[in-house]
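Below is one structure; the comments refer to it alone.
Both backbone and side-chain heavy atoms feed into the values below; hydrogens, waters and symmetry mates do not. Whatever order the structure lists them in is the order used to number ligands and atoms, beginning at 1. Throughout, numbering of the chain's residues begins at 1 and tracks the sequence.
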Amino acid sequence: MEKLIITAAICGAEVTKKQNPNIPYSIDEIAKEAKLAYDAGASIIHLHVREDDGTPTQNIERFRASISAIKKLCPEVIIEPSTGGATYMSKDERLSPVFLKPEIASLDCGTCNFGMNDIFVNTETTIRYFAKKMIEANVKPEIEVFDKGMIDTALKLYSEGLLKDNLHFNFVMGVRGAIDASLLNLAFMSHSIPSNSTYTVTGIGKYQFKMAAMAIASGGHVRVGFEDNIYIEKGILAKSNGELVEKTANLSKEIGREIATPKEARKILNL
Ligand code: KMH
Ligand code: ZN
């Protein structure tokens, strides 16, 4: 089986220090969390940035400074900025890190309820606009799908040349309002994408390690991190993203699947 790519989603836009004091906000904290994740086996950092008080932002200068701080501590790691931002942000605000020309960035491929009260809006027009900008900037999209229909939207764009081979998906499973985290749904999703695609699996909250184990066993890749889950085990807060990555790497090694370095991840993803 191909080596396992572990992505660390180190802070996201929603989770706060009130929920877990180890969530990074400042540039320094973000860089240190990225390094701990990298040292534990992450080859990709999925990056959101915050103001020092924790407010999510898509400010390009904040991304530039955070990327540079991460690169100082771990020069080879792959950095994947978010174009999802937070649910209330405008589309142009969300797109800003693409202009820094990262190797890869997230591309959210549909709209869904996001928790009890929020809606994460991605109209087809917005998705097409983001996909075009990513082609122009030579940025590989990681296609974020929160539900099966979002795969179908991505495949429509692929058939029109707006998404290029080889597609790379992130199946986000267990968001309240979108697809549930289950083995059957993972099988459904992973059999709905072209055979030359790659995919990573993100289990939300208590599903983080269960979905990680399923992805490891079935040949997918895995995303873990504070953006999606703050616990190392039931009722115990994780001390760092490194701890979450280490647990994932150990799961994989236990069943004989090795962990990809960033160099190997670049090859697997055609970056
Ligand atoms: N924060 C969520 C509303 C992404 O990074 O592309 C969207 C999100 C997806 O996190
Ligand atoms: Zn994100």
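- Close approach of ligand 1 to S82 is summarised as follows: ligand atoms under 4.0 Å from at least one heavy atom of the residue are 4 (C), 5 (O), 6 (O).
- The cationic group of K206 does not satisfy the cation-pi geometry with Y231, failing either the under 6.0 Å distance to the six-membered ring centre or the 45° limit from the ring axis.
- Of the candidates G85, A86, G84, A13, it is G85 that places a heavy atom closest to atom 1 (N) of ligand 1.
- Annotation: T87 places no N or O atom under 3.5 Å from an N or O atom of ligand 1; distance criterion only.
- By the 4.5 Å side-chain criterion applied to Ile, Leu, Val, Met, Phe, Trp and Tyr, Y88 is assigned to a cluster that also includes M89.
- For atom 10 (O) of ligand 1, the nearest protein heavy atom (residue, atom name, distance) is E227 OE2, 2.9 Å.
- Classified by interplanar angle (parallel below 30°, tilted 30° to 60°, perpendicular above 60°), the ring pair F171/F169 is tilted.
- With respect to the salt-bridge test (charged N to carboxylate O, under 4.0 angstrom), the residues K156 and E160 do not qualify.
- Here's the thing with F120: none of its N/O atoms is less than 3.5 angstrom from an N/O atom of ligand 1.
- For the residue pair Y207 and D228, no side-chain donor N or O sits within less than 3.5 Å of a side-chain acceptor on the partner.
- Near E14, the atoms of ligand 1 lying under 4.0 angstrom from a non-hydrogen atom of the residue are 1 (N), 2 (C), 3 (C).
- Not close to ligand 1: P56, with no non-hydrogen atom less than 4.0 angstrom away.
- Taking the Zn ion (ligand 2) as the corner point, the angle from H48 atom NE2 to H46 atom NE2 is about 100° (rounded to 10 degrees).
- In summary, an N, O or S atom of E227 is located under 2.8 Å from the Zn ion (ligand 2).
- Residues S96 and T83 are not in side-chain contact: their nearest non-hydrogen atoms beyond the backbone lie 4.5 Å or more apart.
- For the residue pair H46/E142, the side-chain donor-acceptor check at 3.5 Å is not satisfied.
- Using a cutoff of 4.0 Å between basic side-chain nitrogens and carboxylate oxygens, K133 and D92 are not scored as salt-bridged.
- Distances below 4.0 Å separate heavy atoms of H46 from the following atoms of ligand 1: 5 (O).
- The atoms of ligand 1 that sit less than 4.0 Å from any heavy atom of D108 are 4 (C), 6 (O), 9 (C).
- Counting atoms of ligand 1 from 1 in the listed order, those under 4.0 Å from a heavy atom of S106 are 4 (C), 5 (O), 6 (O).
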